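What follows is a short report on a single structure.
Bear in mind that the values here come from a model prediction, so they are computed numbers and not experimental data.
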Amino acid sequence: MTDQAPRRDRTHWLYIAVLVAVVGGVAVGLIAPGVGKDIAILGTLFVNLIKMMITPVIFCTIVLGIGSVRKAATVGKIGGLSLAYFLLMSTVALAIGLVVGNLLSPGSGLHLSAQATGQGAKLAQKAHEAGGLMDFVSHIIPETLLSALTSGNVLQALFIALLVGFAVQAMGTAGEPVLRGVEHLQKLVFRVLSMILWLAPIGAFGAMAGVVGQTGWKAVTQLLTLMLGFYVTCIVFVFGVLGVVLWSVTRMSIFRLVRYLAREYLLIFSTSSSESALPRLIAKMEHLGVDRSTVGVVVPTGYSFNLDGTAIYLTMAALFIADAMGRPMAIGEQLALLVFMIVASKGAAGVTGAGLATLAGGLQSHRPDLLDGVGLIVGIDRFMSEARAVTNFSGNAVATVLIGSWTGTLDRAKAEAVLHGADPFDELTMLDSGVPSPSATSV
């Protein structure tokens with residue numbers, strides 16, 4: 001038997017490179033805006049590469065999570081608790097956005113007039129193309145079993161993965177070869193993802209250069225109050241609301257959890273996409289001590305239905321537009337908008353440009369006279385998207401721990417060891433060691 005030298009974790013160089021790339025991208029955008037606009041495609045290409053892998057990641061994770069559980073009632077309990085929690089927290093986030101928006105009134109006194117850019121109408125059309133609630137539900141069902149895995153529709157992939165997971169579960173021991181096959185597929189998917197993630201510095205450089213080159217600091221400073229108010233609100237929501245809930249239920253510190261997920265936050269901030277950290281969140285939540293069955297259901301579902309940052313953004317941006325155009329909303333109109341956004345925000349993940357599109361759809365339904373005002377915040381939406389993505393990610397991380405605690409699928413001793421640094425995450429784990437065999441995870 002030959003001894004193999006342990007492989008060194010070199011991923012810390014990747015995240016150092018991402019930091020350098022972000023600074024370099026900002027510098028290029030300021031010094032040579034034209035060049036910055038031209039290389040913005042690099043950021044788009046990187047995010048598209050990540051999105052390309054999201055469907056197989058979700059499929060493998062859910063099939064393994066559900067298929068390895070012997071009792072369907074366990075999965076049903078996890079799913080029911082998850083959806084109830086998602087609805088409650090997104091409603092709280094929307095309400096907080098309304099309260100802060102009314103307190104700050106960042107748009108008051110600006111006296112801006114909507115330019116004939118057509119931005120609002122285009123975005124509203126994009127939102128309404130997704131249809132109403134029934135259309136949203138009907139679009140979850142794909143044309144064929146395999147098309148859900150090739151169309152890039154996250155909700156359809158989620159639906160098919162649930163069906164396959166329950167089918168494998170019903171097969172009993174006969175389904176274990178299928179689970180082992182999916183395990184090997186998951187390792188392959190994570191290996192490809194690791195290769196793509198090494199392109200993160202290039203993507204971050206292009207994304208930052210592009211957005212700074214397009215907007216410049218002048219456009220940003222004009223709406224600085226809204227941006228700062230939104231960032232502060234997101235910080236208060238994560239460390240205040242989510243932190244208090246996490247501590248009340250599990251006695252775990254939100255600060256330690258955030259530190260544990262620091263690399264993922266950097267990746268999200270540099271790409272403005274929480275999807276870029278989805279595979280790593282799955283791996284890290286399992287390492288934290290949350291059972292695979294819980295992680296496999298909560299994390300992918302949360303990416304579609306638990307969008308706390310987007311919820312805060314929707315209400316604050318709507319109030320800003322109304323105030324900036326000198327047409328403030330009455331309390332009744334705000335409450336009606338709140339109810340609409342509770343439903344609309346749940347389908348936001350299925351709409352390209354979800355934040356702006358859902359905002360435009362809500363304004364068209366309740367205050368069509370404000371629709372063109374959406375164009376007022378297009379310039380800074382990219383800067384606000386970082387806070388949205390990070391808050392959405394934080395909400396899903398906390399939700400996974402909470403659901404694990406409530407369902408008894410959280411190893412508290414391991415979680416404490418991980419959060420206190422006694423059991424650090426091995427970057428090579430999600431690539432090679434994989435997860436235990438199906439029989440080992442049965443409950």
Side-chain angles (χ1 to χ4, degrees), residues 57-86 158 161-162 164-173 175-176 178-180 182-183 185-187 189-190 245-246 249-252 256-257 260-261 264 277-303 305-306 393 395-420 422-426 429-430 433-443:
V57 165
I58 288 178
F59 177 80
C60 293
T61 302
I62 292 183
V63 171
L64 288 173
I66 296 177
S68 61
V69 179
R70 290 293 173 258
K71 296 180 180 178
T74 302
V75 178
K77 181 180 179 181
I78 294 172
L81 273 174
S82 299
L83 292 176
Y85 173 81
F86 295 159
L158 183 65
L162 288 171
V164 174
F166 281 117
V168 172
Q169 183 187 74
M171 293 170 65
T173 56
E176 290 192 3
V178 178
L179 287 182
R180 284 194 292 270
V182 176
E183 266 189 10
L185 177 61
Q186 185 186 53
K187 289 181 180 180
V189 169
F190 279 1
V245 173
L246 181 65
V249 175
T250 67
R251 288 297 186 265
M252 293 183 187
R256 292 187 185 277
L257 182 62
Y260 174 60
L261 299 171
E264 288 68 42
L278 171 59
R280 292 182 59 85
L281 178 61
I282 292 171
K284 280 203 163 182
M285 287 296 101
E286 290 188 11
H287 175 71
L288 187 65
V290 184
D291 191 83
R292 178 198 287 179
S293 61
T294 301
V295 175
V297 173
V298 178
V299 174
T301 307
Y303 261 69
F305 294 97
N306 189 34
F393 179 83
N396 287 315
V398 171
T400 306
V401 177
L402 292 176
I403 301 300
S405 178
W406 286 327
T407 57
T409 55
L410 170 66
D411 186 339
R412 291 178 178 269
K414 180 173 177 58
E416 288 296 328
V418 170
L419 293 181
H420 284 81
D423 185 7
F425 179 75
D426 181 1
T429 297
M430 61 182 288
S433 66
V435 282
S437 64
S439 58
T441 58
S442 302
V443 297

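L81 places a side-chain heavy atom less than 4.5 Å from the side chain of T407. Considering only heavy atoms from C-beta on, L261 stays 4.5 Å or farther from F425 through its side chain. Annotation: side chain of L257 is not in contact with side chain of M252 (no heavy-atom distance under 4.5 Å). V298 has its side chain out of reach of N396: every pair of non-hydrogen atoms, C-beta onward, lies at least 4.5 Å apart.
A399 and N306 make their closest contact through CB-ND2, 4.1 Å (heavy atoms, listed as atom of the first residue, atom of the second, distance). The two residues V295 and P300 make their nearest non-hydrogen contact at O-CD, 3.4 Å. The shortest heavy-atom contact between L281 and A397 is CD1-CB, 4.0 Å. Residues K414 and G289 share a closest heavy-atom pair of CD-CA, 3.9 Å.
Here CG of L185 is found 12.0 Å from CG of L179. Values are rounded to the nearest 0.5 Å. Atoms CD and CZ, from E183 and R180 in turn, are 8.5 Å apart once rounded to the nearest 0.5 Å. We find the OG1-CG distance between T400 and L288 to be 9.5 Å, quoted to the nearest 0.5 Å. In this structure, E286 CD and S293 OG are separated by 9.5 Å, a value rounded to the nearest 0.5 Å.
Remark: side-chain polar atoms of R412 are paired, donor with acceptor, to backbone N or O of T250 under 3.5 angstrom. In this structure a side-chain-to-backbone donor-acceptor pair under 3.5 Å is present from H420 to E416. Looking only at distances, no side-chain donor or acceptor of S405 sits under 3.5 Å from a matching main-chain atom of V401. In this structure a side-chain-to-backbone donor-acceptor pair under 3.5 Å is present from Y260 to K284.
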Apply the test side chain to side chain contact (heavy atoms under 4.5 Å, CB included) to residues I403 and F86: give CA-CA distance (whole Å), side-chain angles for both, the deciding distance (0.1 Å), then the verdict.
-> CA-CA 11 Å; I403 301 300; F86 295 159; 5.9 Å; no
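Partner of D291 under the side-chain contact (heavy atoms from CB on, under 4.5 Å) criterion, chosen from D411, T409, L410, I78: T409.
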